[in-house]
Amino acid sequence: MRRIIFFGFLLILPLIFQTISGENDTINADQTLKDGETLVSSGGKFELGFFSPGNSTNRYVGMWFKNITVRTIVWVANREVPLADTSGVLKVIPPGTLILVNQTNATIWSSNTSRPIQNPVAQLLETGNFVVRDGQDNEQGNYIWQSFDHPTDTYLPGMSLGWNFITAKETYLSSWKSNDDPSTGEYSFHLDPTGYPQLITRRRSAIESRIGPWNGIRFPGPPNPRDDPTFRLSFVMDDEKVYYRSDLIDRSFVSRYTINQTGLSQRWTWGDRTRGWVIYFSVPGDICDTYKLCGAYGRCNVGSSPSCECLERFVPKDPEGWVRTDWSNGCVRRANLSCKGDVFLKYSGIKLPDARNSSHNTTMTLEECREECLRNCSCTAYTQLDIRTRSGCLIWHDELIDIRTLSGDGQVIYIRMASSEADSKGKRREILIGILVSIVGIIVVGLGLLLYIRKRKNNSKKRKEAKYKPSHEKQSDLPFFDLSVILKATNNFSDRNKLGEGGFGPVYKGMMEEGQEIAVKRLSKESRQGLDELKNEVIFIAKLQHRNLVRILGCCIQGDESMLIYEYMPNKSLDIILFDGTKRALLDWQKRFHIINGIARGLLYLHQDSLLRIIHRDLKASNILLDVDMNPKISDFGLARSFGGNQTEAQTLHVVGTYGYMSPEYAIDGLFSVKSDVFSFGVLVLEIVTGKRNRGFSHKDHSLNLLGHAWKLHKEGRSLELVDACLEDKYYSSEVMRSIQVGLLCVQQNPEDRPSMSSVVLMLGNEGEIPQAKQPGFFTERYVVSGNNSTSTNATSSANEVTITMLEPR
Ligand SMILES: *[C@@H]1O[C@H](CO)[C@@H](O)[C@H](O)[C@H]1NC(C)=O
Ligand SMILES: *[C@@H]1O[C@H](CO)[C@@H](O)[C@H](O)[C@H]1NC(C)=O
Ligand SMILES: *[C@@H]1O[C@H](CO)[C@@H](O)[C@H](O)[C@H]1NC(C)=O
Ligand SMILES: *[C@@H]1O[C@H](CO)[C@@H](O)[C@H](O)[C@H]1NC(C)=O
Ligand SMILES: *[C@@H]1O[C@H](CO)[C@@H](O)[C@H](O)[C@H]1NC(C)=O
Ligand SMILES: *[C@@H]1O[C@H](CO)[C@@H](O)[C@H](O)[C@H]1NC(C)=O
Ligand SMILES: *[C@@H]1O[C@H](CO)[C@@H](O)[C@H](O)[C@H]1NC(C)=O
Ligand SMILES: *[C@@H]1O[C@H](CO)[C@@H](O)[C@H](O)[C@H]1NC(C)=O
Ligand SMILES: *[C@@H]1O[C@H](CO)[C@@H](O)[C@H](O)[C@H]1NC(C)=O
Ligand SMILES: *[C@@H]1O[C@H](CO)[C@@H](O)[C@H](O)[C@H]1NC(C)=O
Ligand SMILES: *[C@@H]1O[C@H](CO)[C@@H](O)[C@H](O)[C@H]1NC(C)=O
């Protein structure tokens with residue numbers, strides 16, 4: 001009997017529990033919320049109750065994340081009027097107001113109601129919105145009051161930031177006064193609807209910084225990924241309202257946007273891994289986010305020093321002040337406008353100027369926009385309004401202020417100029433002048449070089465025979481070095497000079513007599529072809545010149561030795577730094593992103609721009625060399641058989657490549673194409689972001705390799721957890737996200753799904769839409785390479801990365 005009761009109890013227990021937790025997010029007119037009690041949203045994400053901020057003993061009604069260990073207040077009801085003790089009681093009363101009363105039943109704080117209702121209830125929603133609605137009316141969104149219309153210093157996803165023109169009410173953020181006092185501080189964050197809407201941080205009434213204007217996709221400025229997988233952004237503007245809103249796609253994601261007492265607005269995400277808040281981006285993020293820093297027509301560029309420069313064809317208005325870094329007077333046109341006959345010049349890669357004195361039209365085309373601007377002498381510039389639909393017109397009527405260089409998110413603007421600056425002929429003239437200048441430059445440099453070489457030749461006449469035939473004589477004439485010179489430079493290939501073992505033989509460091517440092521690749525005998533073939537190959541490789549390819553200086557073929565001589569790279573190869581526990585901290589995110597971009601451009605050149613289609617076939621971290629400035633240079637290209645014309649895919653008997661970087665179709669079927677290089681590139685990108693090798697990657701929760709791990713986190717919207725821990729928070733998450741997305745696109749199973757290197761370069765530069773990646777190839781398999789699998793060169797297995805040359809049994 002007892003047992004039956006017990007089981008009966010077990011059966012109804014969940015029901016009891018459900019009713020308790022179900023009701024626990026709501027109070028009605030018969031209930032109160034006393035200090036010490038709390039409401040919890042239905043999914044357990046938010047909690048509402050009484051709290052004391054910082055070291056203060058005052059009591060406030062506020063809301064915080066329930067499940068987060070760091071108490072983070074996201075909303076305060078009575079921010080201006082604290083309770084002095086714990087006697088406060090929160091009630092909801094007809095006709096639909098929330099009131100907070102103290103011991104003597106005096107109302108400390110109350111909400112307003114938009115219409116009277118008989119049976120009001122107050123409910124804490126799972127979005128963090130505290131609403132008052134009619135108890136009988138369960139329709140969503142039919143609220144008579146909501147805390148989302150009265151935020152304090154925190155924006156939560158789902159909130160609409162902006163204006164209701166009908167009620168003349170604005171929803172904006174305002175900072176706390178101090179950590180102990182949530183009352184309204186000096187700074188506020190607004191969607192400013194003047195001209196064309198922008199996001200603006202104000203200190204009292206003065207503008208501190210500006211994001212935007214809205215470009216059809218987002219507010220350019222803070223590094224906001226174009227295809228942010230975690231948010232859906234929207235911007236609504238009509239006669240009644242204008243607002244900006246972001247909604248979480250994955251509801252479990254925890255994110256907030258705040259403005260703090262020093263005017264910094266920041267987007268935060270909760271890191272499950274770090275158990276702390278991670279800054280996603282900050283505004284102002286650098287000095288160039290300071291409003292109007294460079295004055296009118298000045299352009300701020302964090303990369304240059306000093307940061308301000310005049311736009312091209314503009315000159316400082318007050319040259320002396322400008323030199324003293326007083327930029328406030330800004331710049332003026334070199335040539336005055338004449339209204340009639342003015343022209344427009346295109347400036348790109350910029351953050352658009354302050355649009356508060358602008359006008360717009362959403363239907364005009366760019367050409368109509370230009371005509372409109374030309375017609376009105378007060379029009380100073382125009383641009384396209386919406387880069388997504390490629391339509392609309394935005395026109396400025398004043399001096400252009402607050403312009404900065406934006407690398408990823410930069411936009412284009414057409415600025416009115418005097419016809420003397422450039423007319424249609426002028427442009428051509430400019431190009432012609434450019435060409436002339438470069439020709440003259442080339443001639444001068446060439447002459448200089450010739451003289452220099454003459455002199456050098458004369459000088460070294462006394463020495464042994466010239467060892468170094470300069471390559472200017474004939475393009476195909478690759479410098480051939482004398483063996484004795486190489487032997488001397490490398491101390492007879494002494495072990496101390498050995499830099500490492502590459503795919504085709506060991507590499508030595510050498511020092512020429514003139515002091516030039518070189519790297520000598522001594523081709524192993526096994527990999528050697530016939531003499532003529534090799535010469536042709538070397539001449540051909542030497543023609544490939546790009547700043548992201550290691551430059552070949554010459555070769556040496558003598559007796560049974562054949563060698564390639566390269567420029568020497570002081571920072572050795574990427575793997576040495578990237579996978580080293582301490583050294584990898586040297587690679588901050590900026591450098592890593594630079595390296596990723598460099599490799600992409602180098603590879604693009606090999607694949608497309610070099611005219612000769614080259615497939616690298618062995619792209620990997622140890623084949624990326626770094627120069628003094630950490631510029632990446634691809635090495636060992638062109639050694640695997642190159643092939644010409646429009647042949648895009650081939651099958652080979654020799655599989656040359658490295659496990660961990662090889663695409664499935666290449667490793668399994670020996671099929672290679674530019675897309676197999678793209679695969680290797682994708683692996684490399686993910687390795688650079690994470691600082692971990694694909695091969696040898698392990699994770700306690702699953703048996704996926706790095707690709708699988710990245711894919712898993714990406715699907716769960718947790719990509720940022722991939723980032724190398726040694727970067728801490730010092731990275732632009734948009735660049736990181738972009739890199740990860742591109743990396744995942746490149747390692748997709750099906751070669752046709754992988755992007756070409758040209759679209760990779762565009763996507764990394766934030767110029768192309770990034771499609772959704774599909775499942776990567778080889779995302780669980782781990783390769784075990786045994787010695788006998790590798791009939792490769794006499795390459796000794798250094799670390800766990802060996803270039804494989806294997807015969808495919810076909
Ligand atoms: C709601 O539940 C929490 C515990 O989950 C409790 O601390 C709180 O007092 C409850 N609030 C009300 C109004 O019952
Ligand atoms: C509280 O006061 C202590 C000592 O005055 C101080 O160290 C601490 O930072 C204060 N905490 C906050 C949140 O202001
Ligand atoms: C609370 O957080 C923990 C760890 O972050 C998570 O496992 C759990 O699911 C969370 N609970 C809720 C109700 O969100
Ligand atoms: C406050 O109001 C409550 C209920 O309305 C009442 O029971 C209580 O006596 C009042 N207290 C004072 C001090 O007026
Ligand atoms: C309650 O609030 C009223 C009005 O603000 C104030 O005059 C009164 O002193 C407060 N009572 C207590 C006990 O705090
Ligand atoms: C409530 O609304 C009225 C009129 O709309 C306004 O005058 C009053 O200041 C509002 N009160 C609060 C607390 O917002
Ligand atoms: C504002 O935020 C920044 C960055 O998190 C922090 O360094 C600064 O101390 C904050 N200001 C205040 C007053 O908390
Ligand atoms: C441009 O106009 C300003 C004022 O209208 C005048 O002072 C200046 O001399 C003009 N410059 C040229 C180059 O004509
Ligand atoms: C907008 O125009 C007004 C009036 O001409 C001027 O005072 C103000 O400085 C202008 N603002 C901007 C941002 O150009
Ligand atoms: C926008 O431009 C089109 C074409 O010039 C015009 O027909 C339309 O009236 C304009 N709209 C507004 C709001 O000015
Ligand atoms: C030029 O534009 C300004 C600002 O929009 C406007 O006030 C003025 O009427 C326009 N002039 C002409 C001739 O259209």
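With Cys300, the cysteine Cys308 has an SG gap of 2.5 Å or longer.
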| field | side chain to side chain contact (heavy atoms under 4.5 Å, CB included) between Asp402 and Ile207, intermediate numbers included | value | CA-CA 11 Å; Asp402 199 34; Ile207 299 183; over 6 Å; no

| message | side chain to side chain contact (heavy atoms under 4.5 Å, CB included), that's the test. Do Thr171 and Tyr243 meet it? Break it down for me. | response | CA-CA 9 Å; Thr171 302; Tyr243 67 81; over 6 Å; no

| task | Apply the test side chain to side chain contact (heavy atoms under 4.5 Å, CB included) to residues Asn361 and Glu368: give CA-CA distance (whole Å), side-chain angles for both, the deciding distance (0.1 Å), then the verdict. | result | CA-CA 10 Å; Asn361 179 320; Glu368 287 167 343; over 6 Å; no

| task | Report the C-alpha distance between Val315 and Trp322 in whole Å, list the side-chain angles of each, state the deciding distance to 0.1 Å, and finish with yes or no for side chain to side chain contact (heavy atoms under 4.5 Å, CB included). | result | CA-CA 10 Å; Val315 292; Trp322 192 267; over 6 Å; no

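In this structure a side-chain-to-backbone donor-acceptor pair under 3.5 Å is present from Gln384 to Arg390. Proximity of a side-chain donor or acceptor of Ser673 to a complementary backbone N or O of Lys675 within less than 3.5 Å is detected. A donor-acceptor pair under 3.5 Å is formed between the side chain of Tyr605 and the backbone N or O of Gln545. Remark: the backbone N or O of Lys241 is not paired with any side-chain donor or acceptor of Asn164 at under 3.5 angstrom. Looking at Ser265, its side chain does come within 3.5 Å of a backbone N or O of Val283 through a donor-acceptor pair. In this structure a side-chain-to-backbone donor-acceptor pair under 3.5 Å is missing from Asn336 to Ser338. The backbone N or O of Glu309 sits nowhere less than 3.5 Å from a side-chain atom of Arg299 that would complete a donor-acceptor pair. Panel note: side chain Arg416, backbone Leu374; a donor-acceptor pair is recorded below 3.5 Å. For Lys292 (side chain) and Asp354 (main-chain N/O), no donor-acceptor pair under 3.5 Å exists by modelled atom type. Between the side chain of Asp677 and the backbone N or O of Val674 there is no donor-acceptor pair closer than 3.5 Å.
Checked options Lys774, Gln775, Gln748; the residue passing with Asp753 is Lys774 (criterion: side-chain hydrogen bond (donor to acceptor under 3.5 Å, both in side chains)).
In this model, no donor atom of one side chain and acceptor atom of the other lie less than 3.5 Å apart for Ser756 and His607.
In summary, the aromatic rings of Phe189 and Tyr257 are positioned with their centroids under 6.0 Å apart.
A cation-pi arrangement is present between Arg333 and Tyr297 under the rule of less than 6.0 angstrom and at most 45 degrees off the ring axis.
Glu421 places none of its side-chain heavy atoms less than 4.5 Å from the side chain of Val343. With contacts defined as side-chain heavy-atom distances shorter than 4.5 Å, the pair Ser147/Asn129 qualifies. Between Val412 and Ile387 the shortest side-chain heavy-atom distance does not fall below 4.5 Å. Looking at Ile415 and Phe314, their side chains come closer than 4.5 Å, going by heavy atoms from C-beta outward. Between Ile259 and Ser188 there is no side-chain heavy-atom pair separated by less than 4.5 Å.
Shown here is Glu716, whose CD atom has more than 12 heavy atoms of other residues, nucleotides or ligands within 6.0 Å. The number of heavy-atom neighbours closer than 6.0 Å to CZ of Phe253, taken from other residues, nucleotides and ligands shown, is above 12.
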